[in-house]
Amino acid sequence: MSKKIAVLPGDGIGIEIVAQAVKVLDCLNQDFDLNVEMEYGLVGGSAYDETGSPLPEATLKLAKESDAVLLGAVGGYKWESLDIAVRPEKGLLGLRSELELFANLRPAILYPQLAHASTLKEDVVSGLDIMIVRELTGGIYFGQPRGIRTLGNDEKQGFNTLIYKESEIERIAHVAFETAMKREKRLCSVDKANVLECTELWREVMIRVGKEYPEVELSHMYVDNAAMQLVRAPKQFDVMVTTNMFGDILSDCAAMLTGSIGMLPSASMDKNQKGMYEPIHGSAPDIAGQDMANPLATILSVAMMLRYSLGSEDLAVKVEQAVETVLNQNLRTADIYTDGDNKVGTEAMGDAVVAALKV
Ligand code: IPM
Ligand code: MG
């Protein structure tokens with residue numbers, strides 16, 4: 001039976017990069033016996049423009065009935081002044097929470113071909129391979145109460161709530177330990193347990209769950225130190241697990257170690273291997289529509305989809321190898337280009353990956 005993928009390009013460069021990932025899926029359907037059906041939906045600012053909501057009912061229904069979701073990016077200058085309740089980002093957050101995609105896997109891998117593109121010294125980053133496991137449906141992003149209220153003296157006060165139940169920490173802990181078991185069996189849990197009670201509980205639960213995984217070496221680090229260590233000596237990390245907001249920040253930091261945020265995919269999983277796959281970068285409205293964006297993060301997100309939701313490790317590896325091939329051919333979009341490389345646009349990069357798949 002064919003599997004169904006909801007394709008949600010979103011805004012800005014989301015449209016161009018998803019088009020390249022769809023080319024890859026089309027090629028796998030035609031030449032490699034993948035059997036997926038794709039259906040498009042609106043999300044983010046473009047959805048708001050057309051329907052008045054960044055997450056229309058039809059899109060949510062499509063996402064719910066699909067086996068996996070491929071998402072581009074949401075947001076742009078045009079929608080920045082909208083009320084927070086209908087901003088493009090709400091489309092993305094709504095999908096995460098409605099589909100209960102609580103486990104966000106963000107690998108930061110340095111391709112040797114791009115070692116010189118990092119802003120850090122080559123010896124600090126070469127061979128880098130970190131997996132950040134970010135809790136995605138709880139914490140301060142979703143905690144109640146939240147809002148902006150007016151105090152008695154007419155002064156406004158903004159407030160959000162950092163909140164985690166034991167069960168929410170436990171389930172992300174299991175994902176993190178399982179992930180570590182398949183890698184080097186080292187897990188660093190990042191918190192701010194010296195200041196925030198909520199993450200004191202986080203640490204306590206991590207230690208408790210860790211007893212079920214005696215082979216995994218569990219360590220703990222405060223988030224400020226973790227940010228520093230990521231740029232000082234990033235190779236000390238194997239798997240990192242952290243809260244929604246700390247994970248948001250640390251994953252951007254880790255991404256930059258690899259030279260370009262344009263290379264990094266992500267998977268957001270529910271408890272049944274259903275997932276939403278997207279590049280970790282944003283919609284980059286400044287370069288949208290100019291055939292400049294790097295489609296490789298989205299194409300690598302397709303590889304993650306093949307691996308985690310479509311049960312096709314073979315094809316996942318094939319896609320990853322095709323990406324290696326185009327890098328070996330010295331093809332580079334602007335974000336990873338240095339003198340002497342062969343500069344290509346979004347379309348040409350997508351075509352090159354498809355060509356590499358076919359050989
Ligand atoms: C990310 C993004 C999102 C987040 C935004 C677009 C809501 O930064 O996926 O990291 O904060 O989670
Ligand atoms: Mg982010």
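In each ligand, atom 1 is the first atom listed, and ligand 1 is the first ligand listed.
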Okay, side chain of [X], backbone of [Y]: is any donor-acceptor separation there less than 3.5 Å?
X	Y	result
Lys274	Ser66	yes
Asp335	Ile261	no
Asp238	Lys185	yes

Would you mind writing out the side-chain donor-acceptor pairs for residues 340-359 within the sub-3.5 Å range, not counting sequence neighbours?
unit_1 : atom_1 : unit_2 : atom_2 : d
Asp341 : OD2    : Thr338 : N      : 2.9
Asp341 : OD2    : Thr338 : OG1    : 3.2
Thr346 : OG1    : Met292 : N      : 3.2
Thr346 : OG1    : Ala293 : N      : 3.0
Thr346 : OG1    : Ala293 : O      : 2.8
Glu347 : OE1    : Lys23  : NZ     : 3.0
Asp351 : OD1    : Lys23  : NZ     : 2.7

For the Mg ion (ligand 2), how many protein N, O or S atoms lie at less than 2.8 Å?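 Count of protein N, O, S atoms less than 2.8 Å from the Mg ion (ligand 2): 1.
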Partner of Arg106 under side chain to side chain donor-acceptor pair (under 3.5 Å), chosen from Ser268, Ser251, Ser266: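 Testing each of Ser268, Ser251, Ser266 against Arg106, the sole residue satisfying side chain to side chain donor-acceptor pair (under 3.5 Å) is Ser251.
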Atom CD1 of Ile148 with >12 non-hydrogen neighbours under 6.0 angstrom: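 No.
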Protein residues that have a heavy atom under 4.0 Å from any atom of ligand 1, sorted by chain and number: Glu89, Leu92, Arg96, Arg106, Arg134, Tyr141, Asp248
Closest approach of Ala267 and Tyr277, non-hydrogen atoms and distance?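 Distance-wise, the nearest heavy atoms are CB-CE2, 3.4 Å.
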Check the pair Glu57 / Lys61 against salt bridge (Lys or Arg N to Asp or Glu O under 4.0 Å), numbers first and verdict last. CA-CA 6 Å; Glu57 273 303 318; Lys61 181 166 173 283; over 6 Å; no
For His174, what residues pass the ring-ring contact (aromatic ring centres under 6.0 Å, His included) criterion, not counting sequence neighbours?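 Result, ring-ring contact (aromatic ring centres under 6.0 Å, His included) vs His174: Tyr213.
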